[in-house]
Peer 1: 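Sharing a structure below in structure tokens format, with a few things to ask.
Labels below follow one simple rule: chain letters A, B, ... track the order of the sequence lines, proteins then strands, and each chain is numbered from 1. Note that these values count all heavy atoms, side chains included, but never hydrogens, waters or copies made by symmetry.
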Amino acid sequence: MAPLTRAKASSSRVAPILIQRDSDDSDHYHSSSSDFDDEEQVGAGDSSDDEDMGTNGLPTSEELHHEPPNTTSNAPPRITISLKKICKVCKGTGHEAGFSGATYIDCPRKPCYLCKMPGHTTMSCPHRVAMEHGVVPAPRRNTSTTLDYIFQRQLNPNIPMIKPAFVIPDQLTCGIIRFHSRRVTCLEFHPTKNSVLLSGDKKGQVGIWDYSKLHEKTVYNSIHTCIVNNIKFNTDNDGTMYASSSDGTVSCTDLETGVPFVMLDLNPNGWIGPAAWRMVYGMDINTEKGLVLVADNFGCLYFLDTRSRTRAGGPFLIHRKGTKVVGLNCNPVEPGLLLSCGNDHFARIWDIRRLEAGSSLDNLRHGRVVNSAYFSPRTGSKILTTSIDNRIRVWDSIFTNMESPSREIVHSQDFNRHLTPFRAEWDPKDPSESLAVVGRYISENYDGVALHPIDFIDTASGKLVAEVIEPDITTISTVNKLHPRDDVLATGSSRSLFIWRPKEDIERMQEQPGRKAKEFIIRMGDKKSKGKGSIDSDDDSDLGFKGKTSKTKKYEKSYTSGKIKKSKGVC
DNA sequence: AGTGGATGCGGCC
DNA sequence: TGGCCGCCCTCCAC
């Protein structure tokens with residue numbers, strides 16, 4: 001459109017502009033190497049190459065060529081614009097990276113954006129087209145076969161008799177926006193009040209939302225001054241929440257009053273420069289010992305006493321000095337076991353009764369920064385980690401050799417500087433401890449719309465169980481939390497929150513007299529909100545739904561054929 | 001050289 | 001026009 005606009009804008013009084021298209025003027029990009037070798041010289045006097053164009057300040061893929069002024073006539077000099085394709089990624093010619101409709105075309109000169117291997121693009125990545133969504137075969141056998149399962153059951157009778165069907169909350173029920181004024185960074189369900197969701201954002205706001213009543217929301221602005229990295233509850237006192245923040249503090253806040261008590265301030269002398277500023281990232285609660293465990297961006301762990309609300313231990317150096325400890329997780333069965341992960345590319349297992357530098361029980365090496373590491377929620381015997389090397393890793397048993405993971409699942413979860421890091425999380429209700437939820441970074445083309453699904457992955461097989469999308473949610477859903485008791489998924493996507501339920505639940509609601517499912521689909525804003533607002537109300541701006549009627553769809557993708565099938569069935 | 005951290009900017013109402 | 005929104009390969013320093 002731009003060239004046409006320019007051509008139209010040029011009147012006959014200014015220099016004529018010739019627009020010459022690059023000769024390989026194809027709408028479709030072919031990823032053969034010849035495409036970026038045939039850099040044609042287009043236009044008279046075209047001596048320009050990449051250097052001539054400059055590395056910056058070239059906003060379009062056009063080249064301007066000023067021909068020498070014609071001194072023999074009064075005709076203005078001719079300007080030729082050639083529409084030579086310039087790749088915005090490698091600045092090379094003959095190909096272009098970027099969206100073509102709702103499909104993203106990779107730069108063929110770069111390694112695959114998904115698996116990071118050279119030689120192919122994301123479009124043709126074997127992990128993208130694989131039936132099992134890119135699972136790397138386990139170096140050791142696991143419990144995924146029937147025979148193994150029987151053996152395991154003989155050894156451990158607590159293993160459930162039958163692996164139950166996964167329940168996928170895939171139908172959008174509530175959406176709320178402008179609840180947060182910056183992107184959502186963490187979510188936590190209330191431990192006893194089933195429909196209360198707490199959320200933190202980049203700005204330091206903490207939201208408390210009762211999604212069953214829709215309008216019952218409270219936002220506290222004064223608990224933290226910047227990124228809320230974690231929210232946790234002490235099960236002994238569910239009226240109090242703990243939050244850790246990049247402002248360097250850990251707060252203990254009464255939910256009713258919103259008045260925080262600062263349990264830890266790692267920057268008591270205030271700002272003395274970015275190099276010295278400490279931020280609190282990982283946090284978990286050890287209920288047995290009455291401890292809040294937190295960790296900072298200098299590789300240190302601290303203990304806080306929940307009763308005296310003061311520091312009870314630390315700092316203990318648990319990751320490479322000066323690197324960020326991103327996550328902490330206490331083992332649900334043996335709370336003395338602590339799992340930490342950080343920017344030093346490791347997840348580490350510790351016995352908190354014996355903490356010394358280098359005393360970790362196990363060190364789980366990753367390809368790059370580890371965003372999260374969690375013990376499995378029931379037995380605590382498995383480990384699930386998320387790394388920005390685009391791999392989810394699963395260790396099937398912490399009682400065996402931990403040298404390498406049981407499985408590596410290739411999954412798009414790169415960190416983008418504007419996004420909250422992706423974290424794959426267990427479904428706490430799954431008795432088989434295999435279902436995990438995680439948002440996907442790269443988009444898929446769903447009927448001409450680029451959408452970022454929320455993936456449910458069977459970590460026992462690496463198989464993608466379901467990809468949950470909503471045609472009206474076009475943002476990346478980085479923060480996902482499954483309810484500890486209900487079949488509910490909460491999603492933080494950009495600055496919006498969403499609640500999902502299984503389709504069956506929605507239908508059950510519809511069957512109840514006087515109750516409609518659409519009551520649960522509501523749009524709400526700060527200024528005005530509509531009680532039983534239907535999805536196609538005119539208050540779209542507050543929800544980010546772009547004037548469309550919400551039709552929750554489920555798509556089933558055929559990976560072998562590469563085609564997308566619509567399906568209303570259950571995955 | 002590789003990687004972590006920072007927060008800009010184009011598109012759209 | 002200005003402010004808001006959200007981000008598929010930046011850019012720089014260590």
Peer 1: Decide salt bridge (Lys or Arg N to Asp or Glu O under 4.0 Å) for A:R365 and A:D344; before the verdict, give the C-alpha distance in whole Å, the side-chain angles of both, and the deciding distance to 0.1 Å.
Peer 2: CA-CA 9 Å; A:R365 179 185 288 278; A:D344 63 354; over 6 Å; no

Peer 1: Measure the distance from CD1 on A:I227 to P on B:dT7 and round it to the nearest whole Å.
Peer 2: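 Rounded to the whole Å, the gap is 11 Å.
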
Peer 1: With distance as the sole criterion, do the side chain of A:D414 and the base of C:dC9 form a donor-acceptor contact below 3.5 Å?
Peer 2: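 No, no donor-acceptor pair under 3.5 Å.
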
Peer 1: Other residues, nucleotides and ligands only: do more than 12 of their heavy atoms fall within 6.0 Å of CZ on A:R320?
Peer 2: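 Count not over threshold, so no.
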
Peer 1: Hey, which sits more toward the 5' end of DNA chain B by its nearest nucleotide, A:H418 or A:V369?
Peer 2: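 Whichever sits nearer the 5' end wins; that is A:V369.
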
Peer 1: Can you check whether A:S494 has a side-chain N or O nearer than 4.0 Å to OP1 or OP2 of C:dG6?
Peer 2: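 Yes.
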
Peer 1: Taking CG from A:L114 and P from C:dC9, how many angstroms apart are they, rounded to a whole number?
Peer 2: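 Value for this atom pair: 15 Å.
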
Peer 1: Whole Å only: how far is the CH2 atom of A:W277 from the C1' atom of B:dG5?
Peer 2: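 Rounded to whole Å, this separation is 17 Å.
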
Peer 1: Atom CG of A:D201 to atom P of C:dG6: distance rounded to whole Å?
Peer 2: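 In whole Å, C:dG6 P and A:D201 CG are 13 Å from each other.
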
Peer 1: Looking only at the side chain of A:D106 (C-beta and beyond, no hydrogens), which of the listed nucleotides C:dC9, B:dT7, C:dG6 gets closest?
Peer 2: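 Nearest to the side chain of A:D106 among the choices is C:dC9.
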
Peer 1: Is A:K110 close enough and on-axis enough to A:Y113, meaning under 6.0 Å and within 45°, for cation-pi?
Peer 2: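 No cation-pi geometry.
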
Peer 1: Just the rounded figure in Å: distance from C1' of C:dC9 to NZ of A:K88.
Peer 2: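 The distance from NZ of A:K88 to C1' of C:dC9 comes to 9 Å, rounded to the nearest Å.
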
Peer 1: In terms of side-chain heavy atoms of A:R183, which of B:dT7, C:dC9, C:dC7 is nearest?
Peer 2: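 Closest of the options to the side chain of A:R183: B:dT7.
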
Peer 1: Closest to the A:T122 side chain: C:dC9, B:dG5, B:dT7?
Peer 2: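 So the side chain of A:T122 is nearest to C:dC9.
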
Peer 1: Quantified in whole Å, what is the P atom distance between nucleotide B:dG5 and nucleotide C:dG6?
Peer 2: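 Between the two P atoms, the distance is 25 Å.
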
Peer 1: By nearest atom, which of the nucleotides C:dG6, C:dC9, B:dG4 is closest to the A:I388 side chain?
Peer 2: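 Side chain of A:I388 sits closest to B:dG4.
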
Peer 1: Any idea how A:Y211 and A:F189 line up, ring-wise: parallel (<30°), tilted (30 to 60°), or perpendicular (>60°)?
Peer 2: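 Taking A:F189 first and then A:Y211, their aromatic rings stand perpendicular (interplane angle over 60°).
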
Peer 1: Where the side chain of A:L419 is defined as all heavy atoms beyond and including C-beta, which of B:dT7, C:dC7, C:dC9 is the nearest nucleotide?
Peer 2: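 Of B:dT7, C:dC7, C:dC9, C:dC7 is nearest to the side chain of A:L419.
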
Peer 1: Over how many whole Å does the gap from A:I442 atom CD1 to C:dC7 atom P extend?
Peer 2: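 In whole Å, C:dC7 P and A:I442 CD1 are 14 Å from each other.
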
Peer 1: Parallel, tilted or perpendicular: which one describes the rings of A:Y104 and A:F99, with boundaries at 30° and 60°?
Peer 2: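 Aromatic pair A:Y104/A:F99 classed perpendicular.
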
Peer 1: For B:dC13 and C:dC9, measure between their C1' atoms and round to the nearest Å.
Peer 2: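 One C1' to the other, the span is 29 Å.
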
Peer 1: Mind checking the P distance from C:dC12 to B:dG10? Whole angstroms is fine.
Peer 2: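 Looking at atom P only, C:dC12 and B:dG10 are 16 Å apart.
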
Peer 1: Using heavy atoms to find the nearest nucleotide of DNA chain B for A:G367 and A:Y281 separately, return the residue whose nucleotide is more 5′.
Peer 2: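 The answer here is A:G367.
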
Peer 1: Tell me the interatomic distance from A:K324, atom NZ, to B:dT3, atom P, rounded to whole angstroms.
Peer 2: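 It works out to 16 Å between those atoms.
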
Peer 1: What's A:Y441 touching, base or sugar-phosphate or nothing? Going by heavy atoms closer than 4.0 Å.
Peer 2: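 Sugar-phosphate only.
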
Peer 1: To the nearest Å, how far apart are A:N297 CG and B:dG4 C1'?
Peer 2: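 To the nearest whole Å, that distance equals 12 Å.
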
Peer 1: Of all the nucleotides listed (B:dT3, C:dG6, C:dT10), which has the minimum atom distance to the side chain of A:V89?
Peer 2: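 Of the candidates, C:dT10 comes closest.
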
Peer 1: For the side chain of A:R417, counting heavy atoms from C-beta on, which of C:dC9, B:dA6, B:dG8 is nearest?
Peer 2: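 From the listed options, B:dA6 comes nearest.
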
Peer 1: Working note: A:N390 + A:H411, criterion side chain to side chain donor-acceptor pair (under 3.5 Å); need CA distance, chi angles, decisive distance, verdict.
Peer 2: CA-CA 5 Å; A:N390 269 358; A:H411 183 262; over 6 Å; no

Peer 1: Let's see if you can work this out: which of B:dG4, C:dC7, C:dG6 has an atom nearest to the side-chain heavy atoms of A:H345?
Peer 2: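 Nearest listed nucleotide: B:dG4.
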
